[in-house]
Amino acid sequence: MKDHGSKIVTHATPGFLGLSHAAQAVCLEAFHRQTASKDDWMYSVPAKEIPGGLPGHSLFVFFEQNETGGFTALLGSEH
């Protein structure tokens with residue numbers, strides 16, 4: 001796999017922060033796996049991969065590049 005450099009999460013929304021620590025860890029692991037294999041401005045983790053699923057109508061957790069050059073973690077319902 002090609003290394004695309006260190007991509008970091010610099011911001012998180014209240015919805016993401018409201019997830020359990022286990023769910024946050026799974027999402028962050030998926031984000032880092034995805035960034036190692038492709039260079040993009042947005043990554044996603046489906047609810048079915050997240051322990052306990054997601055609240056409300058969210059089907060994904062997104063990691064989107066923000067104005068700082070880092071990434072923001074957010075629920076689909078917060079998009």
Side-chain angles (χ1 to χ4, degrees):
M1 285 186 196
K2 186 177 177 185
D3 181 13
H4 294 285
S6 293
K7 293 192 181 348
I8 61 170
V9 177
T10 57
H11 296 79
T13 62
F16 182 81
L17 294 174
L19 297 176
S20 71
H21 291 293
Q24 290 176 14
V26 166
C27 292
L28 290 168
E29 289 170 13
F31 167 72
H32 289 295
R33 265 194 323 275
Q34 291 176 35
T35 63
S37 65
K38 70 176 184 174
D39 189 22
D40 209 341
W41 63 274
M42 185 177 80
Y43 302 90
S44 63
V45 182
K48 67 182 180 183
E49 294 181 17
I50 301 168
L54 293 173
H57 300 290
S58 293
L59 299 176
F60 293 91
V61 166
F62 292 103
F63 294 89
E64 295 183 1
Q65 193 164 29
N66 59 44
E67 65 279 352
T68 70
F71 285 78
T72 299
L74 65 150
L75 301 183
S77 61
E78 296 175 302
H79 199 267

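Not measured: the values here are computed from a predicted model.
- Taking CD1 from Ile8 and OG1 from Thr35, the interatomic distance works out to 11.5 Å, rounded to the nearest 0.5 Å.
- Between Asp39 and Lys7 the shortest side-chain heavy-atom distance falls below 4.5 Å.
- One distance of note links CD of Glu64 with NE2 of His11; it measures 13.0 Å at 0.5 Å rounding.
- For the atom pair CZ (Phe60) and CG (Leu75), the distance works out to 12.5 Å, reported to the nearest 0.5 Å.
- Using cut-offs of 30° and 60° for the angle between ring planes, the Phe16 and Phe63 rings count as perpendicular.
- Considering every non-hydrogen atom in both Ser77 and Ser58, the closest pair reads OG-OG, 2.9 Å.
- Here SG of Cys27 is found 11.5 Å from NE2 of His32. Values are rounded to the nearest 0.5 Å.
- The structure places OG1 of Thr72 at 9.5 Å from CD of Gln65, a figure rounded to the nearest 0.5 Å.
- Formation of a donor-acceptor pair under 3.5 Å by the Gln24 side chain with backbone atoms of Leu17 is found in this model.
- Under the 4.5 Å side-chain heavy-atom criterion for grouping Ile, Leu, Val, Met, Phe, Trp and Tyr, Phe62 is not connected to Leu28 through any hydrophobic cluster.
- Minimum heavy-atom separation, Leu54 to Val61: CD2-CG2, 3.7 Å.
- Side-chain N/O atoms of Thr13 and Glu78 include a donor and acceptor closer than 3.5 Å.
- The cluster map of Ile, Leu, Val, Met, Phe, Trp and Tyr, joined by side-chain heavy atoms under 4.5 Å apart, puts Ile50 and Val9 in the same cluster.
- Between Phe71 and Phe31, the gap from one ring centroid to the other is short of 6.0 Å.
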